[in-house]
Protein chains: 2
Amino acid sequence: MSVTTKDVARVAGVSVATVSRYLNGHNVLDENREKIEQAIKQLGFRVNPIAQTLRTNRSMTVAVLVPTLANIFSMSIIESIERCLDQYGYSIMVCGSRGELAREEEKLRFVRDKRVDGVIVIPVGSSGSHIAEIVGDDIPVVLIDRVVDDVRFDAVVVDNTNAAYHAVEQLIIKGHRRIAMIAGPQHIYTARERLKGYRRVMSDYGLAIDEDLVLVGDYTSDTAYGLVKELMQRDPRPTAVFVSNYEMTIGAIGCLNELGIRIPEELSVIGFDHLDLSSVVKPPLAVVAQPRDEIGRKAAELLYARMSGDTTSFPSLIRLKTRFIQGSSIAEHKSG
Amino acid sequence: MSVTTKDVARVAGVSVATVSRYLNGHNVLDENREKIEQAIKQLGFRVNPIAQTLRTNRSMTVAVLVPTLANIFSMSIIESIERCLDQYGYSIMVCGSRGELAREEEKLRFVRDKRVDGVIVIPVGSSGSHIAEIVGDDIPVVLIDRVVDDVRFDAVVVDNTNAAYHAVEQLIIKGHRRIAMIAGPQHIYTARERLKGYRRVMSDYGLAIDEDLVLVGDYTSDTAYGLVKELMQRDPRPTAVFVSNYEMTIGAIGCLNELGIRIPEELSVIGFDHLDLSSVVKPPLAVVAQPRDEIGRKAAELLYARMSGDTTSFPSLIRLKTRFIQGSSIAEHKSG
DNA sequence: TTGTATGCGTTATCAG
DNA sequence: CTGATAACGCATACAA
């Protein structure tokens, strides 16, 4: 079938052990080295990574497990992870948990069985005990985007609370008082943090929060569409709204366009996460932009360090800053 | 370390061969079956897929190779492929070629060495000889989005030519004559096909094509931004423009917004590929929508059939239809 | 430094 | 139907 070390050994006139040593960078007589290289080229030999893995329990592969694949946030991150790890000779295996715990567990078991050397995961819930249990001490784990509260893992997240804080602060500074928020599902870490930022800044400025203006969605476009529709029926209306993730921003903008509500004259808007949006929406939308590439890169670097045996300051929580894109979707509000 | 068939055999009081047979669904004495199941549960045994692959050369894994990961089109497709193949017990391994031939070849070799059972690829170029050469007869291949012209592969594409044809036809019907097109890089199949559709419909309606209105971009947002800027300096201006992929549509809209050009009063616009856009842009953008889920699903089904030994009507070219989303970005044009 | 021999966890062959 | 055993391709302990 395919050419093996045995073939190379035969052609080179050495033993398979010598060939193996050559392949793994050990010392080999120059004379033998040449004969082996010659044989490898002549035969078109490529080492069989499966056999290697069986033998060594190392696969030079890391798993990336995310709730949903078809989502720009996940994919940008996955791409930057792949780019980074590629340099170190690692390849990645992507899995989707679809936001289901059972699926997350299953995939975790699956990749563990595949002998991946590390895993990067956006956990579906706020518990991580199953992760520890399944891949536990065997395999390094780096969480991204969300942390869990029952197990200590390395993690790379953004400063969601302050991201929301500063966004809403912009609105307050411009004179807004009736500021609505389209929040995310509270079982998700990022959603909780972002809502916390909203509450904190309102409180810091001594503003009362009208709970009728805090609508909790599920991070999907359709739901946000409905929530914004509902929101605009409040009397009096809010003068500004902060939407706390990408999909919901899409739904919100769509709804506002459909209702014919002028941005920012009738309503100031701050979206989340997607830069493209800023330019496509008219007027250019103010958005909180996450450093996606950096998230992926940092996570990959950290995981690589762990896989290489470096346990410095474990567990380390890397908290990255977001960037606020000004846009033109925020108006001055002259309070009465 | 981990528990093996040998352990199961020992505990169950049978031979490893019998355990293996049980695992593979062969006939086993009921009595033994029970003992084995008991032992498996007791020991928490899980079969080692690496060893299986080494032995059988089957990995129950398919590779998906795309030019760029961080792109909604790729990802939606990858997700639907994963969903579909998951049902059959296959998992997927995704790789990015970054639009580079050398990288495509390298990844192909890599997954071949990993013993994947099939590969789905969006080829970077219009030649596929390297694909045939590397994974050749060994492994079934299904192309998506683009076909190659020197090798016969199964493929799932959309009817790009007619997609463009019908889009531009809408403009013509509404009275437009000076219709511009932001085309894609002509070394890419889809870009060629879409431009062909434009030319064909113009010709079918007896309209001369002003080559100054046909601008060739590279499927990126930034370039399209510049091209549209250039386009709007033409004198006389076009009255309509057809933008032929997602990223370029983003750039085009961004540019038009910035220039303050009103859609559709000053310029009618048709975009490509992204449904979200339709609602977020004001007014709702007319777009050509690709059946992403279907593309992934069909490709996965076809590959599954091939992997199962079904060679019916090889090579089969599945050509899916796009959908035209009307929007409100097309105005009637009263010609002089 | 090199070769020999053994094992990684399965599957497949071949007697029984 | 079952058991013993030989691969699969590679890496490593050990002896030389």
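A, B, ... follow the sequence lines: proteins, then strands. Residue 1 opens every chain. This one's a predicted model, so the numbers in the text were calculated from it and none came from an experiment. Heavy atoms only: backbone and side chains are in, while hydrogens, waters and symmetry mates are out.
- Atom C1' of nucleotide dT1(C) and atom CD1 of Ile36(A) are separated by 11 Å, given to the nearest angstrom.
- For Gln52(B), the side-chain contact (heavy atoms from CB on, under 4.5 Å) partners are Val47(B), Pro49(B), not counting sequence neighbours.
- Phe314(A) is linked by a ring-ring contact (aromatic ring centres under 6.0 Å, His included) to nothing, counting only residues two or more places apart in sequence or in another chain.
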Take nucleotides 1-8 of chain D nucleotide by nucleotide from the 5' end and write B, S or -, depending on whether a protein heavy atom sits under 4.0 Å from the base, only from the sugar-phosphate, or from neither.
SBBB-BBB
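- With sequence neighbours left out, Arg306(A) forms a salt bridge (charged side-chain N to carboxylate O under 4.0 Å, His left out) with Asp154(A).
- Following rounding to the nearest Å, Met60(A) (CE) and dC10(D) (C1') show an atom-to-atom distance of 16 Å.
- Spacing between atom CZ of Arg10(B) and atom P of dT10(C) amounts to 13 Å, rounded to whole angstrom units.
- Across the protein-nucleic acid pair, His26(A) atom NE2 and dT1(C) atom P stand 11 Å apart, rounded to whole Å.
- Residues satisfying the side-chain contact (heavy atoms from CB on, under 4.5 Å) test with Arg58(A), not counting sequence neighbours, are Thr56(A), Met60(A), Tyr90(A), Asp117(A).
- When heavy atoms are screened at a 4.0 angstrom cut-off, Ser20(A) is found touching base atoms of the nucleic acid.
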Atom pairs and distances, donor-acceptor, side-chain atoms in residues 92-109 of chain A, under 3.5 Å, two or more places apart:
| unit_1 | atom_1 | unit_2 | atom_2 | d |
| --- | --- | --- | --- | --- |
| Ser97(A) | OG | Val66(A) | O | 3.3 |
| Arg103(A) | NH2 | Asp86(B) | OD2 | 2.7 |
| Glu104(A) | OE1 | Val124(A) | N | 2.8 |
| Glu104(A) | OE2 | His130(A) | NE2 | 2.6 |
| Lys107(A) | NZ | Asp86(B) | OD1 | 3.3 |

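- Contact annotation: Gln52(B) side-chain N/O to dG9(C) OP1/OP2 distance is not under 4.0 Å.
- Between Lys35(A) atom NZ and dT1(C) atom P there is a gap of 16 Å when expressed in whole angstrom units.
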Check step by step if salt bridge (Lys or Arg N to Asp or Glu O under 4.0 Å) holds for Glu79(A) and Arg83(A).
CA-CA 6 Å; Glu79(A) 188 172 71; Arg83(A) 271 197 148 75; 3.6 Å; yes
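- Val19(A) comes within 4.0 angstrom of no nucleic acid atom, judged by non-hydrogen atoms across all strands.
- Between the P atom of dT10(C) and the CZ atom of Arg46(B) lies a distance of 12 Å, rounded to the nearest Å.
- Nucleic acid contact for Phe45(B): sugar-phosphate only, since backbone atoms but no base atoms lie under 4.0 Å from a heavy atom of the residue.
- Following rounding to the nearest Å, Ile50(B) (CD1) and dT10(C) (C1') show an atom-to-atom distance of 12 Å.
- Proximity of a side-chain donor or acceptor of Arg112(B) to a complementary backbone N or O of Ile134(B) within less than 3.5 Å is detected.
- For the pair Leu43(A) CG and dG9(D) P, the interatomic distance rounds to 14 Å; values are reported in whole Å.
- As judged by a 4.0 angstrom heavy-atom cut-off over every strand, Arg115(A) is placed among residues making no nucleic acid contact.
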